[in-house]
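Input: a single structure, listed below in structure tokens.
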Number of protein chains: 2
Amino acid sequence: MLNENKLELIERIGVFHEQRGMQPLMGRIVGLLLVLDEAEATFDEIVDYLNVSKSAVSNALNILQLQNHIAYKTKHGERKRYFYITMDRWEEALEKELCDISEISTFMKDVLKVRGDVKPEFNHHIQNLCSFMEFLKNKIPSLFNEFKKSKA
Amino acid sequence: MLNENKLELIERIGVFHEQRGMQPLMGRIVGLLLVLDEAEATFDEIVDYLNVSKSAVSNALNILQLQNHIAYKTKHGERKRYFYITMDRWEEALEKELCDISEISTFMKDVLKVRGDVKPEFNHHIQNLCSFMEFLKNKIPSLFNEFKKSKA
DNA sequence: CTGTTGGTTCTCCAAATAAAGAACAAACTT
DNA sequence: AAGTTTGTTCTTTATTTGGAGAACCAACAG
């Protein structure tokens, strides 16, 4: 059993991810795998800790794997899968998030294409937003670099 | 009536926002207000263009206003409201989005608090993620500045 | 005060989601 | 070959969501 702190934190993490489009159980599994000291759990452990059905866990784990949020390893002599969060790739995940946002500019460009010139100021704001998105996207790698340097 | 291009673009914009947690009609209204040459529409126009019920529009418009995505103005001698996207504040909106993401670090810090030291490497990755989030958050204002300078 | 315009609120319903549970299957054990 | 472990898949079900439609209301017009 998990203590109250951990349980509550799992729920918070669950809700956070839920609000970004994950289905509820997926977010909770992410929370669980973050909170467990060993940072991993088997299928059955997940079922027990979160008190949900096997089918729900099976489904959630598969989606999480497809989205590269988790992976699993096996241990010698065991058939069980040990699922864990691919924390070593947080940069990738975060970069994806950021690029995701800057996807706004792809459709904003299309907005500009279909808009007439009745509201030049409005159009100009859209232009600016697009430009900034470009700017930001290009900037991301150097942000990571700069960060790494500041750590060294 | 809107042409095929605009209609399709409205749907794309709708889906984009839907995936980030807006209810369907809200996203479509945002699309409509972006795509219309006048960049504004009355309540009834929205009902007609999108072919939905007044109740749905009323509800969606209220939420969009609460979230500061849209606003309305009135015109002399008319009672009608002209709703429009507050495009002049795209920086604010974007900054909010970015801060929203970096909210990850608030619960990641709590994760570190409850985690033991069994997996120091895992913990270290979390540390790094948190640090980068801080770094990014602090960097946002100077990114806007740098962008403005590059435009001038 | 009666009708009209512009919008809101309330009740109901259809569709989508997400999970339960049971049956199933593959791989390994004995 | 009979059972166990480790999941998966399929069917059913409870809950949530999102929008329709009608009744309602406030402001103004004649």
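No hydrogens, no waters, no symmetry mates; every other heavy atom, side chains included, goes into these values. To find a chain, count down the sequence lines: A is the first, B the second, and so on, and within it residues start at 1.
- In this structure, Phe43(A) has its ring center no closer than 6.0 Å to that of Phe83(A).
- Side-chain proximity of Ser53(B) to the nucleotides dA19(C), dT8(D), dA20(D) is greatest for dA20(D).
- Put simply, Asn62(B) has a side-chain N or O that comes within less than 4.0 Å of OP1 or OP2 on dT8(C).
- The base of dA20(D) lies close enough to the side chain of Ser55(B) for a donor and an acceptor atom to sit less than 3.5 Å apart.
- Nucleic acid contact class of Val57(B) (heavy atoms, under 4.0 Å, all strands): none.
- When the P atom of dA26(C) is taken as reference, atom CZ of Phe43(A) falls 17 Å away, rounded to whole Å.
- Counting to the nearest Å, the P atom of dA20(D) and the CG atom of Asn59(B) are 11 Å from each other.
- The CG atom of Leu66(A) sits 14 Å away from the C1' atom of dT8(D) (whole-angstrom rounding).
- No side-chain donor-acceptor contact under 3.5 Å links Glu134(B) and Ser131(B).
- Using a 3.5 Å distance cut-off with no hydrogens or angles, the side chains of Gln23(A) and Asn59(A) do pair a donor with an acceptor.
- If you take CG of Leu50(A) and C1' of dA19(C), they are 13 Å apart, rounded to a whole angstrom.
- When the P atom of dA20(D) is taken as reference, atom CD1 of Ile46(B) falls 14 Å away, rounded to whole Å.
- By the 4.0 Å N-to-carboxylate-O rule, Glu40(A) lies close enough to Lys75(A) to be salt-bridged with it.
- Contact annotation: Gln23(B) side-chain N/O to dG18(D) OP1/OP2 distance is under 4.0 Å.
- Residue Arg81(B) places at least one side-chain N or O under 4.0 Å from the OP1 or OP2 atom of dT8(C).
- Ring to ring, Phe144(A) and Phe132(B) are close: their centroids are under 6.0 angstrom apart.
- When ring centroids are compared, Tyr82(A) and Tyr72(A) stay outside the 6.0 Å threshold.
- Within the 4.0 angstrom heavy-atom criterion, only backbone atoms of the sugar-phosphate kind lie near Asp44(B); the bases stay farther away.
- Taking the side chain of Ser58(A) as heavy atoms from C-beta on, and the options dT6(D), dT8(D), dA19(C), the nearest nucleotide is dT8(D).
- Across dG19(D), dG21(C), dG21(D), the shortest atom-to-atom separation from the side chain of Ala56(B) is found for dG19(D).
- Counting to the nearest Å, the C1' atom of dG19(D) and the CG atom of Leu61(B) are 14 Å from each other.
- Comparing Lys54(A) and Met22(A) by the nucleotide of DNA chain C whose heavy atom lies nearest to each, the residue mapping closer to the 5' end is Met22(A).
- Rounded to whole Å, the distance from CD on Glu18(B) to C1' on dT16(D) is 15 Å.
- Using a 4.0 Å heavy-atom distance criterion, Lys80(A) is classed as a sugar-phosphate-only contact.
- A straight line from CD of Gln19(A) to C1' of dT17(C) spans 17 Å, rounded to a whole angstrom.
- Residue-level contact check: Leu25(A) touches the backbone only, with heavy atoms under 4.0 Å from sugar-phosphate atoms and none from bases.
- Across dG19(D), dT5(D), dT5(C), the shortest atom-to-atom separation from the side chain of Arg79(B) is found for dT5(C).
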